[in-house]
Amino acid sequence: MSKTPPLGERIFTYVMTEYRSLMVVVLALPLSMMWDLLLYLRWQWAAYTKVPVLHATRVERVVEQIKARPKGMRMCTGRPGWQCMSLSYRNYKSSMHQIDAVVDMIDIVSLDLKSETMSITVEPLVTTGQLTGALLHLGYTLPVVPEMDDLTVGGLVNGTGIESSSHLEGLFHEQCLEFEICLADGTVVTATPDNVYSDLFHAIPWSYGTLGMLLSVKIRVVPCKKYVQVTYTPHRDRTAGVAHFAKLAGAGKAAPAFVEALAFSPTELVVMAGEMVDEAPTGVNHLGRWYKPWFYKHCESKLHDGKPSVEYIPLRDYYHRHTKSMFWEMELFLPVGNHPLARVLLGWLLPPKVSFLKLTQTEMTRKLVEETHIAQDFMLPMDRLEECIALSDDVFDKLYPLWLCPHVHRPMPGTIMPSPANPGPDGSQMYVDLGVYGLPTCVKERPTCHGFDMIKSMRIFEAKMRQIKGVEMLYADIFCTKEEFESMYPHKGYRELRAKYGAVGAFPEVYDKINNPEKKAKAAVTKSK
């Protein structure tokens, strides 16, 4: 018989569960603002210090901690789980040797704008917000800038990163020129596409930190312009909208610089095409200002117009257009957040850090999130998009909006990423990221709805991914068994490199980091039924 918690604990749990939106306003938003202020001051301090010297010292500390690993114990970074962008809770770190020296690696090491191939070298916990803040005012940017401010370079390299320029440039890691890595024995190496460690360079993406400890990344830098001219085209027929979206993405050299789409219902979607420009001949939409409507709501309004329209957006505002509303996830935490009054009063505090949103969760809300909240990015062949949207309607009960972002999928030897399903003459194929975020319709309407089975729904979609050579991003909850996971993500070349570089027994495998024992057991039980 379980012991009744003390009265104070019960009151606290009740308030945090029943009034979570209020807790987000009074706790998560102010804490996030203070955290951002501290980071800003920290970065300003770094601008006046010798970061390369600091970086060398941090690397030495990482090497010392790796060499101090107890025999037989696997290791991982010491970054606390609450600081991760994912809303999922993963407990694998508690049983591992944690390299906490990595937590201090939050600085831009150097910027080279004089070489023929311009580049910026950063530590793994540098964020996309830092990068755009450092580069855009100089007239430069990265070829691929994932849209959320707090995404880290380490996560985008060890996992993956995508943006509306990926139909031309590929994924984030394809913009990287070299990786500085500490191997399992404490040896620090620099891996590039054409040196002795080229196999390691190509295998680091999607390895999820299981081949070595990432210490720094050199990324390609390109010139940019001040604004993005965005053309919105609303569609009330899904087939026509998907065809338009695929045509834009697959236009080769004639394709727009940026392509994405938002689907708002089984029949309605808005396709967006963007080009960088130096001047804005008409009024500029400063999306990033605190009082502006959330971007997805702004896009949805284009459906009511019923015809294509053009507007100009400052480049940084465009890059981080989904940040303020966390795509549309903020509506779950702050349902009134897009109301004009709420935007004026609270918009300057948005978005809260995912880290602090986790602090407002109780055991009850955590369980509800695990059982009903979907946060998935499925990467699949473009020619299978419409059927996968239909499957999403079926298994996720018409969850909308959906994010559609194209990317050119090239072969990735040595990684667990499968090769393209039907490659063209150059070995590549156009894929698309189908982003599914939020609550199924039945759960929105009835929070206690028992008609939605997360595990069953996810396993149906995962089976579809294996069938069509698609994958799901590794930050999300995975419900495959290990055998199914390895049929989705080929492991042969990956395991050969783990053996070559001494990672076996020193670092966990990818599956061990993304799936906890409880989910493995539930997935296995579901499979057996």
Side-chain angles (χ1 to χ4, degrees), residues 32 35-36 38-40 42-43 46-47 51 79 83-86 102-103 105-111 118-166 168-177 179 204-205 214 216-224 228 257-258 260 274 276 287-288 295 313-327 329-330 350-355 375 377 403 405 407 433 435 437 473-475:
S32 299
W35 185 264
D36 279 338
L38 289 172
L39 283 178
Y40 174 78
R42 168 66 179 72
W43 296 333
V51 175
R79 189 186 188 200
Q83 287 188 2
C84 297
M85 279 292 289
S86 173
V102 176
V103 178
M105 293 186 152
I106 62 172
D107 289 316
I108 295 171
V109 179
S110 64
L111 175 61
M118 296 180 291
S119 65
I120 187 168
T121 301
V122 303
E123 293 180 321
L125 295 187
V126 166
T127 65
T128 56
Q130 275 177 270
L131 287 169
T132 53
L135 291 172
L136 294 188
H137 71 98
L138 299 174
Y140 297 93
T141 187
L142 306 181
V144 174
V145 181
E147 64 291 319
M148 301 295 285
D149 278 23
D150 291 337
L151 294 172
T152 64
V153 170
L156 295 170
V157 169
N158 282 316
T160 195
I162 189 171
E163 205 2 78
S164 55
S165 59
S166 290
L168 296 174
E169 304 290 350
L171 300 175
F172 182 85
H173 72 267
E174 294 178 71
Q175 320 316 316
C176 299
L177 304 173
F179 303 134
I204 287 294
L214 191 64
S216 71
V217 181
K218 180 184 284 189
I219 313 166
R220 184 163 61 96
V221 168
V222 295
C224 67
V228 177
F258 305 103
E260 73 172 328
M276 283 192 194
L287 288 174
F295 182 67
I313 302 172
L315 182 57
R316 193 175 197 284
D317 287 8
Y318 176 80
Y319 278 149
H320 301 293
R321 63 200 178 279
H322 292 298
T323 293
K324 186 164 55 176
S325 59
M326 296 167 58
F327 283 90
E329 294 278 56
M330 270 311 301
L350 294 176
K353 303 292 183 188
V354 173
S355 313
D377 284 272
W403 187 50
C405 184
H407 73 98
D433 177 2
Y437 322 122
M473 286 194 187
L474 299 177
Y475 77 87

* Asked: Which class fits the ring pair F327 and H322: parallel under 30°, tilted 30 to 60°, perpendicular over 60°?
  -> parallel

With distance as the sole test, does [X] use its side chain to make a donor-acceptor pair with the main-chain N or O of [Y] at under 3.5 Å?
X	Y	answer
E123	I106	yes
T121	S110	no
E169	Q175	no
S119	R220	no
E163	V144	no
H407	G170	no
S325	M330	no

Do Y318 and S164 meet the criterion of a side-chain donor-acceptor pair at a distance under 3.5 Å? yes

Does D107 form a side chain to side chain contact (heavy atoms under 4.5 Å, CB included) with R42? I'd like the steps, not just the answer. CA-CA 9 Å; D107 289 316; R42 168 66 179 72; 2.7 Å; yes

Exactly one of T152, L131, V109 clears side-chain contact (heavy atoms from CB on, under 4.5 Å) with V126, and that residue is L131

When L138, T141, L135 are each screened for side-chain contact (heavy atoms from CB on, under 4.5 Å) with C224, the one that passes is T141

Item to complete: Report the C-alpha distance between I120 and L142 in whole Å, list the side-chain angles of each, state the deciding distance to 0.1 Å, and finish with yes or no for side chain to side chain contact (heavy atoms under 4.5 Å, CB included).
Response: CA-CA 9 Å; I120 187 168; L142 306 181; 4.1 Å; yes

Worksheet item: Please walk me through it: do M473 and D433 pass side chain to side chain contact (heavy atoms under 4.5 Å, CB included)?
Response: CA-CA 9 Å; M473 286 194 187; D433 177 2; 3.5 Å; yes

Please report the shortest heavy-atom distance between [X] and [Y], naming the atom on each side.
X	Y	value
P351	S32	O-CB, 4.3 Å
C176	V157	SG-CG2, 3.9 Å
G129	T132	O-OG1, 3.2 Å
Y319	M276	OH-CE, 3.6 Å
V228	G274	CG1-CA, 4.0 Å

Hits for side chain to side chain donor-acceptor pair (under 3.5 Å) against Q130, two or more places apart or cross-chain, chain-then-number order -> none

- Hey, mind stepping through E260 and E147 against side chain to side chain contact (heavy atoms under 4.5 Å, CB included) and telling me if it holds? CA-CA 12 Å; E260 73 172 328; E147 64 291 319; over 6 Å; no

